[in-house]
Amino acid sequence: MSRIVVEDVSITKISDLKRGYFRLNIAPFSKAAKVKPGQFVHVQIPGCGVYFRRAFSIYNFNAADGSIEILFKVVGRGTACLAKCRRGDRLGIVGPLGNTFRFPLKKETPVLIAGGVGFPPMYLLAVHMIEKGFEGERIVFLYGGNTKDDLVDISRIRKLGVELILTTMDGSYGQKGLITEPLKRIIDDRCGKVRLYACGPEGMLQAVDTLACDNDVPGQMSLEAPMPCGVGICLGCVRPLREGGYTRVCRDGPVYNFGEVLL
Amino acid sequence: MSRIVVEDVSITKISDLKRGYFRLNIAPFSKAAKVKPGQFVHVQIPGCGVYFRRAFSIYNFNAADGSIEILFKVVGRGTACLAKCRRGDRLGIVGPLGNTFRFPLKKETPVLIAGGVGFPPMYLLAVHMIEKGFEGERIVFLYGGNTKDDLVDISRIRKLGVELILTTMDGSYGQKGLITEPLKRIIDDRCGKVRLYACGPEGMLQAVDTLACDNDVPGQMSLEAPMPCGVGICLGCVRPLREGGYTRVCRDGPVYNFGEVLL
Amino acid sequence: MSIDLSVNIAGVEFKNPILTASGTCGYGEELADLFSLSRLGGIVTKSITVKPRLGHPPPRTAETESGMLNAIGLANVGVDEFIEKKLPFLEKFDTVVVVNVAGAKIQEYVEICTRLADCPRADMVELNFSCPNVEEGMGIATSAVLAERAVAEVKKVFGGPVIAKLSPNVTDIAEIAQACESGGADAVSLINTLVGMAVDIETFRPRLTNNTGGLSGPAIKPVALAMVHKVYQAVKIPIVGIGGIATADDVIEFLLCGAAAIEIGTALFVEPDTPVKIARDLKKYLSKNKFDSVKQLIGQLRIYS
Amino acid sequence: MSIDLSVNIAGVEFKNPILTASGTCGYGEELADLFSLSRLGGIVTKSITVKPRLGHPPPRTAETESGMLNAIGLANVGVDEFIEKKLPFLEKFDTVVVVNVAGAKIQEYVEICTRLADCPRADMVELNFSCPNVEEGMGIATSAVLAERAVAEVKKVFGGPVIAKLSPNVTDIAEIAQACESGGADAVSLINTLVGMAVDIETFRPRLTNNTGGLSGPAIKPVALAMVHKVYQAVKIPIVGIGGIATADDVIEFLLCGAAAIEIGTALFVEPDTPVKIARDLKKYLSKNKFDSVKQLIGQLRIYS
Ligand SMILES: Cc1cc2nc3c(=O)[nH]c(=O)nc-3n(C[C@H](O)[C@H](O)[C@H](O)COP(=O)(O)OP(=O)(O)OC[C@H]3O[C@@H](n4cnc5c(N)ncnc54)[C@H](O)[C@@H]3O)c2cc1C
Ligand SMILES: Cc1cc2nc3c(=O)[nH]c(=O)nc-3n(C[C@H](O)[C@H](O)[C@H](O)COP(=O)(O)OP(=O)(O)OC[C@H]3O[C@@H](n4cnc5c(N)ncnc54)[C@H](O)[C@@H]3O)c2cc1C
Ligand SMILES: Cc1cc2nc3c(=O)[nH]c(=O)nc-3n(C[C@H](O)[C@H](O)[C@H](O)COP(=O)(O)O)c2cc1C
Ligand SMILES: Cc1cc2nc3c(=O)[nH]c(=O)nc-3n(C[C@H](O)[C@H](O)[C@H](O)COP(=O)(O)O)c2cc1C
Ligand code: FES
Ligand code: FES
């Protein structure tokens, strides 16, 4: 059996979360039961004239009905077009793609750091940890954005019962400032017992990567890159490795240990 | 002021007439009040990846609310995509394009011959004649198709009170056989007092053209050709003239006198 | 802040860098039904030949992915009727008239340009060396020697500036551009269409009666940009960029690569008011990015070294 | 009626005419996660060079209208690791393995092909003369003399059939194809990518760190078809068609123009199971049109005269 499938799926629901964010439910995806946190699907967006597929992290999945969910922000031609789709429209997807996160050790406190549209894989990772026996309250979830508008679906993450810390750059919601501020405090407080997981904008990841390396904190982050193929055959999504050479974000990643990739 | 406009319009209504035929209402078109029968619009179909616009005859217009109507059949990529549009979707249109029909003389009996998707301009011509003072019952309207399924919107043409003759190749509706059969009889019956107007598939137009020329009956037909530009600048839609040289169907036509164009 | 869209090519002032390309705007009559031609920087008229030409039998065009093929076959009214009937129409517009000229032999270019030399409204000529549709024409487009000679001969008879229009169907377009420069060309324009083909899989027939045709439209824009970039590094005369331009963003790419002006071709078929929209969006871009003249973009590409 | 999709090129039997193109299917490992490589007529592996190459820094690709630009820079594991680690993986599949070889000098082609001569799984080699991404490589692609010599030298050392892969960035591709035929090539494949460029209008930077790159995808299909058609009239050896193929209809166009087989490149990125879908649709077309072998299509174009 193929590990990765190319399938036509239907949009079963599209929710406008306002301020440019949308949530999309699609089904049936034959590999829904196999999805691991951090993995993504490569989506063919119908009728917008963009040639490549677009990559979106899997936000949630339902093994029972074979559905998956993505959360996206409108940033360009492709996402603008995706936002105009309606229930019943067909999408082509390739997936599940990419690797996944390493599970924390029992004694470690997992700290999940989500910035903007880096939220979906962090959410799914939290869900996964809880399913695998981690108590919600033992998970620290940092969720930051530029303004209130970037913090979407908060109610959903609250339901997991994680220790939630929200930040906005302009202070319009949660703590004011960079997400790395509370992170620094957490690292200092629980020295040696945390494992970090991060996904978000490049600047945030650079800061977290530096923090993690400087403080010798283990963990991983999920990267982005423009992806022509998503399956590892075009060599277009490469990023330089610290040890030299390039890594394909779509297949060798998107999840990397801190310090592994030159940001 | 520009004679031809390039405008973005909204789909105000899309009606599935079944069997692959659709009716589309679009507005506001600033030139709706200027439309003449036989003219067409060049439509940019969103999101189907076809590069050229597609030409559609104007089926009806409403000068008051600036709306126009087209009637189309799904035959390929572009029309398939147009059929999937929904109310509120935006379309780009260029128009009104092309020339129009010569008005019949008072003493003549206008015979309108519509085959398949050649129906829209014939319908509009009938409406126009009635508006300009021709009594409906003096207009003979022949409407033919391969089967019953090709005779759409019959109720609408009936309402005009014209003398309606329907034909289908397979006899599933109206008279069985070619539309030219009743036409021949009409020409014979009302010798010298008819004027023909035709629009429809190439084979039908050839037959009507021959009939008209052989019997010295005046009149015109509306032709089709693949149209890259629709406005006369590409020279792509040309057809050979009997007298030599080429004519641009989009601008010099689409309406031609019988005998003018080599079919 | 007022934004200056004007550019100057070989001493000729264009109110904006937007021209319409030869063969895609006829002699201007039809476009004038859509917008005033005075809004254009310039109009390049359909290639004219010594004698009128009917062109190839249809089908002459085919739709392709993000583009089209054409083999119109240089259908045109011929130089006599052009001067008598077409050029006068353009007199009423405040725009630069570039007359595109095609021929099978150098002598034909000379003959036409001699006639045009007496026409005050023929502000410039553009020599179409590259039309892939006429066998005889190919020679000049692919030969540096012939191209240089053709330009030099035309320069002797036509007083105004001469633009040499180059074909992309060559191993080294920079070499041909340099030859035209040596011949005295005041500018080069590029690219003409790429040789292409499409086949009807039901009839086994080519989609054009000419079998092959010229590919144009957004599909070829990357090729055109690379060639403009290459030629910009090889010649000193101004470059007019052509190929797949449909938006102001496209125009900016060409200007950055070194084009001093651009021509819009196939986009006119799909969006006939493209030049008007581009002029508007170009202004917006310049003002947003705090430029006061479009000239500030020309050749400003920051290449990786 | 059973439909025969098999074709034969230079004595090698392909179960169907569908190959995957070099540089767009790695060494087969990743695609094998999507479908069995045994469903392919053949696989053409990523260009290998004497030494491993990391390739150019990102960005290496850019999206264009109906296509893409790439300047990967011949990133590959080098011939040693290829033979040791990559070729064995392909052993388990029932498909023709074509090893694509690139080099800066003729000697490098010879060196690699000498090594490959000892590998039973290297059924054929394809010589990439045309990669526009390495300066040194350009010479062979654009010179009939060098191309002929390169093929002849490789033929001396490699026992199996040799395919010469041609660049479209030349004035006359038929001339280069004939030279390869004279040199002893068993087949030619065409086209490689067209030189292209794209610019970021916010940063004024080229979209590729290599400044220019190779254009591929549906955008270039018409150009590829015209070149296959031209070469078919010029050589007797079989032609492998490449360029923008995404559907069975595209494949049929290439076969009609004279290709005996085809390679799928960029389409794999957008629709990784394209070869499987094409094989299915090709069968449908043949059966609908009452052909029993795909060979009945090759070269059957009915040109207008
Ligand atoms: C593994 C992965 C997971 C992702 N998950 C999500 C998600 O869950 N939700 C979400 O909203 N977005 C996500 N993204 C980013 C998303 O793919 C881009 O926002 C989207 O491709 C933009 O397409 P566009 O046509 O709207 O924008 P355009 O800017 O028009 O795209 C132009 C080109 O740039 C590429 N591109 C643009 N922005 C990015 C980016 N940030 N990362 C990678 N490529 C980019 C596109 O692939 C395209 O080739 C993810 C990206 C990757 C690589
Ligand atoms: C003046 C004019 C008026 C028309 N009015 C109507 C109308 O009222 N209702 C209607 O249903 N259709 C009408 N047509 C035909 C309509 O334009 C075609 O059916 C449509 O372009 C097919 O597009 P497609 O993408 O679905 O088909 P495709 O076959 O995929 O189109 C491929 C190409 O062929 C061209 N083409 C295909 N069929 C035709 C055709 N019959 N005539 C011209 N070009 C064609 C298209 O422009 C396109 O370039 C008209 C055509 C013309 C020229
Ligand atoms: C239908 C058509 C006709 C053309 N005729 C001519 C011509 O007569 N003379 C000429 O120099 N170029 C001619 N061209 C080439 C264009 O001027 C232009 O160089 C080319 O199409 C590339 O630009 P584009 O992609 O913007 O169309 C023609 C192009 C098209 C599409
Ligand atoms: C990302 C990428 C990498 C490529 N690498 C190679 C290569 O290493 N060797 C080679 O001969 N061709 C290479 N090519 C060219 C393809 O094999 C093919 O000739 C070209 O892309 C045209 O086909 P397409 O339009 O189907 O992609 C590459 C193409 C792409 C898009
Ligand atoms: S996107 Fe193609 S290798 Fe990663
Ligand atoms: S469609 Fe362009 S001239 Fe008629």
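Chain naming here is simple, since letters A, B, ... match the order of the sequence lines and numbering starts at 1 in each.
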Please determine whether salt bridge (charged side-chain N to carboxylate O under 4.0 Å, His left out) holds for the pair A:Arg251 and D:Glu29, giving the CA-CA distance in whole Å, both sets of side-chain angles, and the decisive distance to 0.1 Å. CA-CA 12 Å; A:Arg251 193 173 166 100; D:Glu29 295 152 333; over 6 Å; no
What residue, out of [options], has the most heavy-atom pairs lying under 4.5 Å from chain A?
options: D:Gly28, D:Ala32, D:Gly26, D:Pro58; result: D:Pro58
options: D:Gly265, D:Ala62, D:Pro218; result: D:Pro218
options: D:Pro272, D:Ala75, D:Gly67; result: D:Gly67

If every non-hydrogen atom of D:Lys46 is compared with every non-hydrogen atom of A:Leu235, which pair is closest and at what distance? CE-CD1, 4.4 Å
With a 4.5 Å heavy-atom cut-off, do D:Leu54 and A:Tyr246 have their side chains touching? yes
Tell me, do A:Val6 and D:Leu34 make a side-chain contact under 4.5 Å, heavy atoms counted? yes
If you round to the nearest 0.5 Å, how far is [atom2] of [Y] from [atom1] of [X]?
X: D:Met68; Y: A:Phe52; atom1: CE; atom2: CZ; value: 4.0 Å
X: A:Ile4; Y: D:Asp273; atom1: CD1; atom2: CG; value: 11.5 Å
X: D:Glu30; Y: A:Arg3; atom1: CD; atom2: CZ; value: 10.0 Å

Heavy-atom count check: over 12 atoms from other residues, nucleotides or ligands less than 6.0 Å from [X] [atom1]?
X: A:Arg87; atom1: CZ; result: no
X: D:Lys277; atom1: NZ; result: yes
X: D:Arg39; atom1: CZ; result: no
X: A:Lys148; atom1: NZ; result: no
X: A:Arg102; atom1: CZ; result: no

Using non-hydrogen atoms and a 4.5 Å limit, figure out which bit of D:Pro57 sits close to chain A: side chain, backbone, both or neither. both
Less than 4.5 Å to any heavy atom of chain A: does that hold for the side chain of D:Ser36, its backbone, both, or neither? neither
Just do the side chain to side chain contact (heavy atoms under 4.5 Å, CB included) check on D:Leu31 and A:Ile233 with the steps written out, would you? CA-CA 8 Å; D:Leu31 276 189; A:Ile233 54 179; 4.1 Å; yes
Pick from A:Gly49, A:Pro226, A:Cys234: which one has the most heavy-atom pairs with chain D under 4.5 Å? A:Cys234
Without swapping roles, check the side chain of A:Arg53 against the backbone of D:Val270 for a donor-acceptor pair under 3.5 Å. yes
In plain terms, say whether D:Glu63 and A:Arg77 are close enough for a salt bridge, that is, a side-chain N and a carboxylate O under 4.0 Å apart. no
Tell me, for A:Val94 versus chain D, whether the close heavy atoms (under 4.5 Å) come from the side chain, the backbone, both or neither. side chain
